[in-house]
Structures are given as structure tokens and as C-alpha cells.
S.K.: 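Once you've had a glance at the structure underneath, I'll fire off some questions.
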Amino acid sequence: MSMSGLRTRATLHDVVPAFVRTPDPSLIQLAANETAYGPLPSVLEALAREIAHVNRYPDDGAVGLRHAIADWLGVESARVALGAGSLGLLEQVMLALCDQGSEVVYPWRSFDVYPQLIRVAGATPRPVPLQEERNDLDAMLESVNERTRVVIVCNPNNPTGPGVGRFELKSFLHRLPGTVAVLLDEAYFEYVRDPDMPDGLTLLRDHPNVAVLRTFSKAYGLAALRVGYLVAGRPIVEAVDKTHVTYSVSRLAQAAALASISAQDELHGRVEATVRERNRVREALLSQGWQVPTSEGNFVWLRLGAASHAFGKGLGRWGVAVKVVPNEGVRMTIGTREENDVLLEAAGAVREGVLSDAEQLPAE
Ligand code: PMP
């Protein structure tokens, strides 16, 4: 209770508002896993046409976009839900599946917003440490109990980079009770090149408790428009739709997502360039002496422990913004070739000072 006697929801008392700070815009932006290439040209044109209609509310059920995604992916439209980014959908899933006192198991370190969303839904976060920088599915399974409603699998894992393989994930799903939902966060799906990693959609037929989460924010370059999609069994989609905030997927977001589906050719080249650069940056960092896990996303991770802050500060002086996870590590988004060259030069320059007090984990 506050001084005024005003009462707020008890489950929020442990929650602190978590606004993500945007870096100084004059720096090279390698902190938020956005694409460096701007929106796709044909998507910009679709947006320019749509902007004249923003006096009208969007189609709240996003019928056209749902059908287009369903046709594109080869699933029924009743199995597709839309939300304000995959974050909006993550929140909807938590509200749809959890009661007060439910538990949600998730990997840690992973996407830092997970615990926040779990608490806001009134559920209890159950973090499970990573194993060699990837989700430890065996340990996650051991953390499941009768209160568990959802297990989040982040594949590939943000911020560390590696993913879990098809065989591992299938074996996990076979052992997990079907009453527990698995939220498979595939925010970086378009960047995955490891042939061993599964396309989550192929798991849906045998496992109605799986929900696959994807986004137009990353590879498609629509981070500011806030639109993502979920593909799951009908009972999950129906529950998730009940938690939809009216009009939360804007007219511009719907138009841009629709145009994105038809822009696969434009998308392809830039995604390939990012994958090539990811490999080049990793190799160059390895040859500078850093330990760098493999990455299936558009970022690389250095587990620098106590030296993380110093590394982030050092890169800032070189004009590069990266994401520092205090006392754990630093995540660097793959930018354009020129941006990555600056990143590599900066990493090389700060290396001496940083590596001496880095607590790097052994290489895989
Ligand atoms: N999931 C993961 C693993 C992410 O890294 C991100 C963005 N950093 C998101 C979800 C959220 O993305 P958006 O809400 O923009 O779709």
C-alpha cells in the first residue's frame, strides 16, 4: 500500500518498470539486434500508401494478414495469432495460460524481458541456467512440476547465440507432459543456418502443446512497427486471442507485414549478407583471442564476466553501442560490413585491457 492508501496489484510489487534505453543515436547501433539495412523497399512503398488511411482503425482481427500468413506457412488460419511484436504475443501467452501461482520455466541468461512478463501475468519465474550457452532442456524438464504451465525455449538463444538441435528438442517434447505448453521463441529464425536446428512449425503436428513465436522486427526490419505472429494448436490460439488488446496491431504494422510476405526476394540478399558477416566477425574475434560461441542469430556474444562493463565503455569510445549484460557478457549485433570493421578494430584495441581481467568461460 502506498502512503496515500491507494492499493495496487500485489503481484506487481516485485516488478520494476523496465523501459529499454535506446543508445545515443550518433553511435553505430549494435545494441538491439535490429537489421542495419532499413525496411525492405517494397514494404516502404506499401507503408507510404497506407499512411493516408491512419484516420481509420485497423482491421482488429487482422483477417487479411492472418490468412496471408497461414497460406504462406501452409497452416490453417485458425492456428495463427497476431500481436504487437513477439513481445506483445509473449505477454498474451502468459496471460492466456497462467493463473496466479502458475510457474513458467525458461532459460537464463536469455531474453531479459521473460521474467518481467511472467511476473506481470501473476506467475512465478523459474529460470534454468544455460549449458554451454544453449538452453539446457534436461535441466528445464527437471524444473517442471504440477504448477508449470509454460516452458519457454529460446532457439537460438538471445544473447548467447547457439540453438538446440532437432533430436534434443523432440526428445524433450516426448518427455514433457502434454498439459504444459512450450513457447518456442524463434525471433531469429531467418538467420538460422545450422541444419541440425528444427523449424518449429514441423513440430506442431505431433505436439499440440507447442506454440511457435516469430517476428517481423528482426530480419524483416520492422522493429518499430510492432508486429509478430504465433502459430499453435487451436486451443492455444483461441486463449491467446482472448488476451488481445483491441487495435494493438496497427494499420501500418498490418500493411507492412502483408507486404513483407511478398518481399522474400528482397529479404534474401540482406539475410545472406548478415549470415556471412556473422561468420566473418566471429572468425576475426576468435583470431583476436576472444572466446566466441557459435551464433545462429544476427549477433555474437562474449562472456566477459566482470570485464563486460569495461568492454562496453571501451567500444563506446570507439563510437559503437553494444549491449552489456552487467557482470556476464556483451552482445554485439552484426551490422553492415563497414560497421563490423569498426567493431572489430575497436574490439582489437580494447582487448589488452579487457582480457586481463575477463573471466571467460572455456571454449566449447
Ligand atoms: N524474442 C527474442 C528472443 C528477442 O530477442 C526479441 C527482441 N530482442 C523478441 C522476442 C522481441 O521482439 P519483437 O517484440 O520486436 O518481436
Side-chain angles (χ1 to χ4, degrees), residues 18-23 29-36 39 43 62 65 69 80-95 104 106-118 120 127 130 133-135 150-164 182-192 197 200 211-231 240 243-245 248-250 252-254 256-257 260 274 278 293 295-301 321-325 328-335:
F19 293 111
V20 178
R21 282 215 316 263
T22 34
Q29 303 289 308
L30 303 182
N33 291 352
E34 300 138 336
T35 178
V43 173
L65 181 56
I69 290 175
V80 178
L82 291 163
S86 44
L87 267 170
L89 280 164
L90 270 161
E91 183 186 40
Q92 286 186 250
V93 169
M94 295 307 148
L95 293 172
V104 178
Y106 61 101
W108 198 248
R109 174 64 60 174
S110 190
F111 184 29
D112 37 20
V113 187
Y114 293 151
Q116 178 92 3
L117 294 175
I118 295 164
V120 168
L130 301 176
E133 307 294 11
R134 51 170 64 75
N135 292 194
V150 186
V151 178
I152 302 175
V153 175
C154 188
N155 211 29
N157 191 58
N158 169 17
T160 57
V164 293
V182 175
L183 183 57
L184 190 54
D185 186 339
E186 295 188 336
Y188 300 96
F189 176 74
E190 294 80 5
Y191 295 115
V192 171
M197 274 177 68
V212 177
L213 183 62
R214 294 195 187 152
T215 183
F216 290 101
S217 294
K218 304 289 181 188
Y220 288 92
L222 299 180
L225 282 180
R226 317 302 307 127
V227 53
Y229 59 97
L230 183 92
V231 187
V240 167
T243 64
H244 163 74
V245 175
S248 57
V249 184
S250 76
L252 292 177
Q254 291 187 36
S260 295
T274 301
R278 166 179 85 197
S295 174
E296 296 297 324
N298 64 338
F299 54 87
V300 289
W301 168 252
V322 295
K323 160 125 176 165
V324 174
V325 180
E328 283 192 49
V330 179
R331 188 195 67 195
M332 299 168 288
T333 303
I334 302 300

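Given the structure is predicted, the values throughout are model-derived calculations rather than measurements. These values consider heavy atoms only, across backbone and side chains, with no hydrogens, waters or symmetry-generated copies. Atoms within a ligand are numbered from 1 in the order they appear, just like the ligands themselves.
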S.K.: I need the nearest protein heavy-atom contact for atom 1 (N) of ligand 1: residue, atom name and distance, please.
M.R.: Asp185 OD2, 2.7 Å

S.K.: Run the numbers for me: atoms of ligand 1, each under 4.0 Å from some heavy atom of Thr215, listed by number.
M.R.: 13 (P), 16 (O)

S.K.: In the protein, what heavy atom is nearest to atom 9 (C) of ligand 1, and what distance, to one decimal place, separates them?
M.R.: Phe111 CE2, 3.3 Å

S.K.: So which of Ser86, Ala223, Ala84, Gly85 gets nearest to atom 10 (C) of ligand 1, if we judge by its closest heavy atom?
M.R.: Ser86

S.K.: Is there at least one pair of N or O atoms, one from Lys218 and one from ligand 1, spaced under 3.5 Å apart?
M.R.: yes

S.K.: Under 6.0 Å between ring centres, would you say that holds for Tyr106 and Phe111?
M.R.: no

S.K.: Could you see which bit of Cys154 sits under 4.0 Å from ligand 1, with heavy atoms only: side chain, backbone, both or neither?
M.R.: side chain

S.K.: Is any side-chain heavy atom of Leu184 less than 4.5 Å from a side-chain heavy atom of Phe189?
M.R.: no

S.K.: With a 4.0 Å heavy-atom cut-off (strictly under), which part of Tyr188 contacts ligand 1: side chain, backbone, both or neither?
M.R.: side chain

S.K.: Where is the tightest heavy-atom contact between Arg134 and Val164, given as atom of each residue plus distance?
M.R.: CD-CG1, 4.4 Å

S.K.: To the closest 0.5 Å, what do you measure between CZ (Arg109) and CG (Leu130)?
M.R.: 9.5 Å

S.K.: So, taking the atom named CZ in Phe216 and the one named OG in Ser260, what distance separates them when rounded to the nearest 0.5 Å?
M.R.: 5.5 Å

S.K.: Of the non-hydrogen atoms in Pro127 and Trp108, which two are nearest, and what is the gap between them?
M.R.: CB-CB, 3.7 Å

S.K.: Would Asp112 and Arg331 pass as an ion pair if we require N to O under 4.0 Å?
M.R.: no

S.K.: With a 4.0 Å heavy-atom cut-off (strictly under), which part of Leu87 contacts ligand 1: side chain, backbone, both or neither?
M.R.: both

S.K.: Looking only at protein heavy atoms, which one is nearest to atom 15 (O) of ligand 1, and what is the separation?
M.R.: Ser217 OG, 2.6 Å

S.K.: In the protein, which heavy atom is nearest to atom 14 (O) of ligand 1, and how far is it?
M.R.: Arg226 NH2, 2.7 Å

S.K.: May I ask whether Asn33 places a heavy atom under 4.0 Å from ligand 1?
M.R.: no

S.K.: Quick one: does any side-chain atom of Asn157 pair with a main-chain N or O of Asn135 as donor and acceptor, under 3.5 Å?
M.R.: no

